[in-house]
Each structure stands twice: as C-alpha cells, then as structure tokens.
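Both backbone and side-chain heavy atoms feed into the values below; hydrogens, waters and symmetry mates do not. Chain letters run A, B, ... following the sequence lines, proteins first, then strands; residues in each count from 1.
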Protein chains: 2
Amino acid sequence: MKKDKHAVLSILRDKILSGALKQGDRLVEIPTAEMLGVSRTPVRIAFRALEQEGLLTQLPRRGYQVREITNDEIAGSVEVRGVLEGLAARQIVEKGLAGEVIAELKQCLSDGDALFSDRSFNEEKVQTYVEMNRKFHDVLVKGSQNNAIAMALQINEHMPMASVSSLVFNPDESDREYERLYYAHQQHHDIVQAIEAGQGARAESLMKEHAQAAMNRYEQLSKGTTSRTIRSE
Amino acid sequence: MKKDKHAVLSILRDKILSGALKQGDRLVEIPTAEMLGVSRTPVRIAFRALEQEGLLTQLPRRGYQVREITNDEIAGSVEVRGVLEGLAARQIVEKGLAGEVIAELKQCLSDGDALFSDRSFNEEKVQTYVEMNRKFHDVLVKGSQNNAIAMALQINEHMPMASVSSLVFNPDESDREYERLYYAHQQHHDIVQAIEAGQGARAESLMKEHAQAAMNRYEQLSKGTTSRTIRSE
DNA sequence: AATATTGAAATTGGATCCAATTGATCAAAA
DNA sequence: TTTTGATCAATTGGATCCAATTTCAATATT
C-alpha cells in the first residue's frame, strides 16, 4: 500500500477535525511518527503545514499543541466564508459565465429536493445532504473562475465547525432539524434563482445570509445536547 | 549569524515577489540548497509552503516552477482583498471596538497628510507612503478582532501585485502618481470617517472600492512603461 | 532548608544517506 | 530512418544521524 505524499498531513488533520485529537492535546514529532509508522520527516512537514492552517501552535521546545478554537473564532470564520462565497456568487453573474454552472447547481437542487420529498430524516439522509451541500458550494466557488476565492477559503475550510463540509445534527430533534435543512435548501433555490436572473448583488447577499444561518444554529446549540457532527470527505 | 527557522522560505518568497525569480523559472532542491548554502531539508519544507501559497507548482519529477500569474488572477485576488478588508472595516464598527483602533488609524491619516503637504513626490516619499498604507490596512484587519480575516488574507498577500505591500509607481509621471495616491489617501479619510460615525455598511463598501482603485490603476498600466514596484517588509 | 549547579532527557532543526520513480539518451533492430 | 529497449541521470520522498537548545531534576553547597 503506497501512501500518498500528503497522507500524514491528511491523517493528522482528520484526527483533529474529528475530535480524536482534542484541543490542547500535545503532539510531539517522535511519538507521532511512531504512532503513524513513518519517520520524523513527513511528520515535521505535516506539523508545519498544520501550524500554517492554524490547527496547531508550536510551544517552543515542547512540541506542538492542538489549538483552542473559541466560539468567536468560529463565528469570525463563518463571516469570512460568507463574504467569500458571496463574492463567488456575484462574480459568476458578473462574468456572465452563469450558464455553464447553472446546470450543475440545478442538479444539486433536485438532488436536495428528492431528499426532502418526505419528512423522514435519518442519519444517512443527512450524510447525503452534507455531500450535496458541499458540492453546491464547490460548484459555486469553482464556477466563479476566481481561484483566489478558493485559496482564501482553503484555510477556512480546515476550521472545525465552520466549514461547509461539517454539519451538526441533533438526532433527538429530527423534526426541527428537517425544518432547518429544508430552509437552508430553500436558500439554495433562491441563490440559483438570483444567479439565473443575473442579480449579482442579490446572489451575493443571499449567500452571505446563508452562511450566517449555519452560525445562528451553532450559537443556539453549544449547550451540548446529544448532537453529532457529520462531515464529508 | 543564526538564521531564523523560516529564513529559507522568506528568501525564496522574496526572490519570487521581487522578480529575481521569474515566472516559469524552474527550481530544483539541490541547486537551490547549494545556492542558499543550506541542506535540502529546509528547502523542501519551503517549497511545500510556497506551493501551498500558490507561488510554486510542482512538475512531477521535474522540480518546481514559479507559477505564472495571469492578470485575471491578480484581478481576482484584488476582489478577494476587497471583500475581506471590507468585512474587517464593517466588523470594527459592529463590534463597537472602533475607539481602540481609531487612534492608530488617525495616526496613519496624519502621517499621510504630511506626505502630501507639498506636491513634490520622490521615490523616498513613495516608500514612506507604502509603509503607511500597509500600516493602515494592518490596523484595520487586526482591529476587526477576526483572526480568520487575517488568515484568509495571508495567502493573498503573497500574490505579486495584488498585495497591499506592493505598489507600482511610474517616476516619469510623478504628477499623475501624486494625484492617484492622494486620491487613495482621501479614501482612507472617508473610511475612517465612516467607521467613526458607526456606518458599518458604508465603511465596508468604501473599503471594497478602495481595493478596486488599485486594480484600475494596474489595468491601465500593464503596457510596460518604466514603472517600478515598491514593496514594504 | 533554600538555592545554585550540573548533567541528563527531551525536542527540534538541519544534514546526509538510501530507495524509488521517471525522463532522457543512446544504441540496436526492424 | 524510425522505433524500441535498456541504461543512466535527475529528482524527489523518506529515514536516520548529529548538533544545538532548553527544561527538569537531582545533587551539592551554603
């Protein structure tokens, strides 16, 4: 089994994002290398990259540490995602390239519609939703033809809780959760409609609002019920 | 002379941004290491980081290459900077923390005013202006108390021509250049005024416009006169 | 008992070594 | 002459080694 060049980086990032490595945990080169069955070199490179991504901080001579991410930081991160994805939506319209992406976006919409056709909502459906959601945002960002947006988002997407690929779901309130995701999906509809109609500014502000919605949800949560985080990729 | 841990990274980045390494130039570990008088290890780490920053691309088994940055990419990057700095301006107002940063911003304003007190404009003054400008944007971003903005901008700031710390100046048209920078400085005044007045949305759009102004300039340019790029830090 | 000192352990950073892969070159065969 | 095959050089990725620095603890000294 030939490991990919970035395997160590991915594995470590995953462990952090999934919570296997908790905030505040210390991470040292040699033990980490042994744990993963590789040498120190790839671990070192990965640590540096994760530091750059803001997931680790270096304690001088005491290894690295999984950074504490405050709620404020998550909120800030969501704002950033909002303006960047908003820009993407606007630029799709402004560049007049909407036609080429609309089809893909509409595919996402109908995939979503299918999910909401009956009110039942289990974990599997949520997983599908998360993937569709991710696809939607992906198409939008790529469709903007502005690579700087993707680059700027990249770091953001590695922020726990703030990325499009992770979503908090509380199975005990599946009814309310249904409502919430349904609402988010309606926003997708509105956004596509705005893009199609050439309403760049409207698409932009809808998109910002859409990012914000996830945040409201998160704030309302935070008092640790039995919710689960579901991620894609 | 003890080299900093990130010395190699900084040196290479600088060579790229300053044009000492041109777009399309190939970069290989061993010769680069020899050139800098270090071993391959720090060079490898630097290459990875520069790849992540979008300044290098890896050609499989053929080393790395300084990426070609198209005008479109620069334009996109400027747009991104606009929305992010716009967000920063708005959040300063929204968070009600304006008081603490206003003083610093005003310092920048009066430093700038001094520069424009007579119409003479030499290269030294431009250098001072670039530093003041950088400070202004820095204060604004830090003042927003939203670290995600700084993180997202970070990559952007390593993009040649698109960052706040680099500015193109044509000494042959120092009169027109004076006008341009004076106008940009007036925009700074307006932005501070908006922040002070608690006009978040206005501050945001002024800031976006301000980023855009630099771009207009760049497009108008591009037909290679004898202009110089002046950078800070 | 408190403090200074010394030395070992931990830890990182850089250098060098080795292996694997692939592109290039050159020669041989069709 | 063109194509194919084989060998070699280039290049990266990972492993290990060595040096420098800092913390920590234990011991000696006052």
Does the C:dG13 base have a donor-acceptor partner in the side chain of A:R40 within less than 3.5 Å? yes
Over how many whole Å does the gap from B:L56 atom CG to D:dT12 atom C1' extend? 15 Å
Are A:E29 and A:R48 within salt-bridge range, i.e. N to O under 4.0 Å? no
Round to a whole Å and report the spacing from CD of B:Q65 to C1' of D:dT11. 15 Å
Kindly point out which of C:dG14, D:dT12, C:dT12 is positioned nearest to the side chain of B:Y64? D:dT12
Name the closest nucleotide to the B:R62 side chain, picking from D:dT22, C:dA24, C:dA15. C:dA24
Nearest of D:dT12, C:dT11, C:dG13 to any side-chain atom of B:E29? D:dT12
Taking CZ from A:R44 and P from D:dG13, how many angstroms apart are they, rounded to a whole number? 15 Å
Are B:R13 and B:E53 ion-paired here, with the side-chain N under 4.0 Å from a carboxylate O? yes
For the CE atom of B:M151 and the CG atom of B:N146, what is their distance to the nearest 0.5 Å? 10.5 Å
So, B:E123 versus B:Q127: side-chain donor-acceptor pair below 3.5 Å or not? no
Side-chain donor or acceptor of B:R48 under 3.5 Å from a matching atom on the base of D:dG13? no
Using atom CG of B:L9 as one end and atom P of C:dG14 as the other, report the distance to the nearest whole Å. 11 Å
Are A:K135 and A:E131 within salt-bridge range, i.e. N to O under 4.0 Å? no
What is the distance from CG of A:L59 to C1' of D:dT23, rounded to the nearest Å? 13 Å
Quickly work out the B:I30 CD1 to C:dT16 P distance and round it to whole Å. 12 Å
It should be established whether A:Q58 places a side-chain nitrogen or oxygen under 4.0 Å from OP1 or OP2 of nucleotide C:dG13. yes
What I want to check is whether an N or O donor and acceptor connect the side chain of B:R61 with the base of D:dT11 at under 3.5 Å. yes
How long is the line joining CD1 of B:I45 and P of D:dT12, in whole Å? 15 Å
Spacing between B:F47 atom CZ and D:dT12 atom P, to the nearest angstrom: 7 Å
Mapping A:T41 and A:G63 to their closest nucleotides on DNA chain C, which lands nearer the 5' end? A:G63
Among C:dT16, D:dG14, D:dT12, the nucleotide that comes nearest once only the side chain of A:S39 is considered: D:dG14
